[in-house]
Amino acid sequence: MDKNIAVIRGDGIGPEIVEQALNVLDKVAELYGHTFTYTDVDMGGCAIDKWGDPLPERELQKCLASHSVLLGAVGGPKWNDVPGAMRPEKGLLRLRAAMGVYSNNRPAKIWPQLADASPLKKSIVDQGIDFIIVRELIGGIYFGEHKTEGDTATDVLKYSESEIERIGRIGFETAQKRSKKLCSVEKSNVLDSSRLWKKVMHRLAKEYPDVELTDMLVDNCAMQIVKDPAQFDVVVTENMFGDILSDEASQITGSIGMIPSSSLGATTCGLYEPIHGSAPDIAGKDLANPVGTILSAAMMLRFSFDMPREADAIENAVSAYLDAGYRTADIMSQGMTQVGCRQCGQLIIDNLRKE
Ligand code: NAD
């Protein structure tokens, strides 16, 4: 199959981790007889420096014309003081909105080889950590009006029933494919938008009688994720809650550097990115863990290109790399062999086999 992939390397560690993911994709293409063509797209701080805009229209169009988009990360201290509308993250928000990718899927799964890397007690880790956060991605407070007047700042959090319903359906359908348990997370004791969220979820629940729906307040959920993560299977929540909870969930699996994500809307053209940021503290030092980006590329093959065997091959290669005792600095533990970003990518390629 021929696929055109828009590639956003971005800022900080972005170029390093994306390079490794592209090397892995090249190996998959060679093994399975596919052709992946990469179109470079400038987005984020690098685009501000080059074009004076975090996502110029011409660059956005390259993404919209692709079969899918692979992104490293954007942002960094260099652009902290630029005005709001020109910040690197604005490019990302604009891209997500233009692609219409309202459903962000973030797995929190512990690799058995990394049980020691979790900050949680062994007795909790042994119960198992394997859940998915389905996060609404193009609504809520990140997309409401933002304004500062004098000494007062305002950010608007707004959701319509239809926005809640379409992400709610993804939550129920994801639960149907797993253990049929869906936890809807909101703050309905305080927020009107959360009360609407809860009402829509319960209306939808009647259409999915095979799925058991539970409600949880977001503050309780933050606590339960560290206390008893095994209780969760599929969590559905709004944009900002999902952003925060998925970072928390990633850390209990060992490192934020291991977790991929997919973002999809009405078409198969998706946006695939690790859940972490541009990690300016380790950029350019060959220290970054590229696994989250490599697994994001695997998700692209699975969800957008209908290549499940190829996706399995990448995931198995990551597992074999961990089995062999190699670890990047973020998940390093006693008795393991520390590797850098480039070597990690190469070792995963060395373990890639046609399934
Ligand atoms: P971050 O995720 O970049 O880093 C948090 C911590 O995790 C750091 O200690 C970092 O070294 C570590 N880390 C992150 N990814 C890693 C990896 N692959 N391997 C090893 N360690 C890793 O979050 P931050 O420091 O809050 O944000 C830095 C910049 O990234 C900010 O400008 C922020 O706005 C931006 N950001 C971008 C995205 C995105 O592009 N999707 C997401 C979040 C943050």
Side-chain angles (χ1 to χ4, degrees), residues 7-21 24 41-49 54-55 63 69-82 84 86-97 99 101 104-106 114 117 119 133 135 137-138 142 239-240 242-263 270-297 318 321-322 326-333 338-345 348:
V7 176
I8 305 173
R9 295 167 202 264
D11 308 313
I13 60 171
E16 303 167 53
I17 52 178
V18 166
E19 197 57 37
Q20 299 315 314
V24 169
V41 172
D42 292 326
M43 187 179 91
C46 58
I48 296 173
D49 289 351
L55 182 61
C63 296
V69 181
L70 181 68
L71 163 67
V74 296
K78 183 176 173 192
W79 303 280
N80 274 356
D81 295 328
V82 298
M86 284 294 293
R87 290 182 60 84
E89 295 78 5
K90 279 282 172 195
L92 179 55
L93 295 182
R94 188 166 163 231
L95 175 65
R96 289 172 176 166
M99 291 181 73
V101 286
N104 181 222
N105 174 330
R106 296 182 163 202
L114 295 186
I133 296 184
R135 166 189 170 197
L137 199 61
I138 55 174
Y142 293 177
N239 202 342
M240 183 167 66
D243 193 5
I244 297 167
L245 293 176
S246 60
D247 267 30
E248 184 192 7
S250 74
Q251 194 53 48
I252 64 169
T253 69
S255 169
I256 196 169
M258 295 290 296
I259 309 289
S261 80
S262 66
S263 303
L271 171 62
Y272 295 86
E273 52 176 319
I275 74 157
H276 58 74
S278 61
D281 51 333
I282 56 167
K285 297 181 180 161
D286 195 35
L287 281 174
N289 185 345
V291 170
T293 317
I294 291 170
L295 293 174
S296 299
V318 169
Y321 148 83
L322 293 171
Y326 296 106
R327 302 285 186 270
T328 42
D330 53 319
I331 49 171
M332 184 59 192
S333 62
Q338 189 167 328
V339 294
C341 181
R342 279 192 295 269
Q343 198 184 349
C344 169
I348 290 169

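Because only heavy atoms are used, hydrogens play no part in the values below, and waters and symmetry mates are left out as well, while side chains stay in. Start at 1 and go down the list; that is how both ligands and their atoms are numbered.
- For atom 3 (O) of ligand 1, the closest heavy atom belonging to the protein is Ala279 N, 2.8 Å.
- Counting protein heavy atoms only, atom 15 (N) of ligand 1 is closest to His276 CG, 3.1 Å.
- Under a 4.0 Å criterion applied to the non-hydrogen atoms of Glu273, ligand 1 contributes the atoms 41 (N).
- Nearest non-hydrogen protein atom to atom 33 (C) of ligand 1 is Glu89 OE2, 3.7 Å.
- Side-chain contact between Asn239 and Arg96: absent, with no pair of heavy atoms (C-beta onward) separated by less than 4.5 Å.
- Close approach of ligand 1 to Gly76 is summarised as follows: ligand atoms under 4.0 Å from at least one heavy atom of the residue are 32 (O).
- Ligand 1 has at least one atom lying under 4.0 Å from a heavy atom of Pro280.
- Residues in residues 243-252 take part in these salt bridge (Lys or Arg N to Asp or Glu O under 4.0 Å) pairs, two or more places apart or across chains: Arg135-Asp243.
- Scanning the protein heavy atoms around atom 39 (C) of ligand 1, the nearest turns out to be Leu92 CD2, 3.8 Å.
- Side-chain contact between Cys63 and Leu95 is present, with heavy atoms from C-beta onward closer than 4.5 Å.
- A distance-only check finds no donor-acceptor pair linking the side chain of Asn105 to the backbone of Ser263 [under 3.5 Å].
- Atoms of ligand 1 found under 4.0 Å from any heavy atom of Gly257, numbered from 1 in the order shown, are 17 (C), 18 (N).
- For atom 35 (C) of ligand 1, the nearest protein heavy atom lies under 4.0 Å away.
- Inter-residue side-chain proximity for Val24 and Gln20 is flagged as unmet; no heavy-atom pair is nearer than 4.5 Å.
- Within the 4.0 Å heavy-atom criterion, the part of Ile282 lying near ligand 1 is the side chain and not the backbone.
- Atom 18 (N) of ligand 1 has Asn289 O, 3.0 Å as its closest protein atom, hydrogens excluded (heavy atom only).
- Given atom 37 (C) of ligand 1, the protein heavy atom at minimum distance is Val74 O, 3.0 Å.
- In this structure, Ile138 and Met99 have side chains that are not in contact, with every pair of non-hydrogen atoms separated by 4.5 Å or more.
- For the pair Ser255 and Ile331, the tightest heavy-atom approach, listed with the atom from each and the gap, is CB-CG2, 3.5 Å.
- For atom 5 (C) of ligand 1, the nearest protein heavy atom lies 4.0 Å away or farther.
- Using a 4.5 Å heavy-atom cutoff, the side chains of Tyr142 and Met240 are in contact.
- By the 4.0 Å N-to-carboxylate-O rule, Lys78 lies close enough to Asp49 to be salt-bridged with it.
- Scanning the protein heavy atoms around atom 8 (C) of ligand 1, the nearest turns out to be Asp281 OD2, 3.5 Å.
- Under 4.0 angstrom from ligand 1, the non-hydrogen atoms of Ile13 all belong to its side chain.
- Here is the list of ligand 1 atoms found below 4.0 Å of a heavy atom in Gly75: 32 (O).
- Contact annotation: for Ile17 versus ligand 1, there are no heavy atoms closer than 4.0 Å.
- Here atom 29 (C) of ligand 1 lies nearest to Ser278 when heavy atoms of Ser278, Ala329, Gly277 are compared.
- Crowding of Asn80 atom CG: a count of heavy atoms from other residues, nucleotides or ligands under 6.0 Å exceeding 12.
- Of all the heavy atoms in Ser250 and Ile275, the pair that sits closest is CB-CD1, 3.5 Å.
- Contacts between Thr328 and ligand 1, counted as non-hydrogen atom pairs separated by less than 4.0 Å, are absent for every part of the residue.
- One N or O on the side chain of Ser261 and one on the backbone of Glu273 form a donor-acceptor pair closer than 3.5 Å.
- Looking at Ser255 next to ligand 1, no N or O pair under 3.5 Å apart turns up.
- When the options Asp11, Asn80, Ile256 are ranked by their closest heavy atom to atom 14 (C) of ligand 1, first place goes to Ile256.
- Distance remark: protein heavy atom not present below 4.0 angstrom from atom 24 (P) of ligand 1.
- Looking at every heavy atom in both residues, Gly10 comes nearest to Cys46 through O-SG, 3.9 Å.
- For atom 11 (O) of ligand 1, a protein heavy-atom neighbour is present inside the 4.0 Å cut-off.
- With a heavy-atom cut-off of 4.0 Å, Pro77 does not touch ligand 1 at all.
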For residues 285-293, please give each side-chain donor-acceptor pair under 3.5 Å, one per line with the distance, not counting sequence neighbours.
{"from": "Lys285", "atom 1": "NZ", "to": "Asp281", "atom 2": "O", "distance (Å)": "3.0"}
{"from": "Asp286", "atom 1": "OD1", "to": "Cys341", "atom 2": "N", "distance (Å)": "3.1"}
{"from": "Asp286", "atom 1": "OD1", "to": "Arg342", "atom 2": "N", "distance (Å)": "3.0"}
{"from": "Asn289", "atom 1": "OD1", "to": "Val291", "atom 2": "N", "distance (Å)": "3.0"}
{"from": "Asn289", "atom 1": "ND2", "to": "Thr328", "atom 2": "OG1", "distance (Å)": "3.3"}
{"from": "Asn289", "atom 1": "ND2", "to": "Asp330", "atom 2": "OD2", "distance (Å)": "3.0"}

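- Residue contact check: Ala73 has heavy atoms under 4.0 Å from atoms 40 (O) of ligand 1.
- Between Leu92 and Leu71 the shortest side-chain heavy-atom distance falls below 4.5 Å.
- Proximity to Ala288 (heavy-atom distance under 4.0 Å) selects the following atoms of ligand 1: 19 (N).
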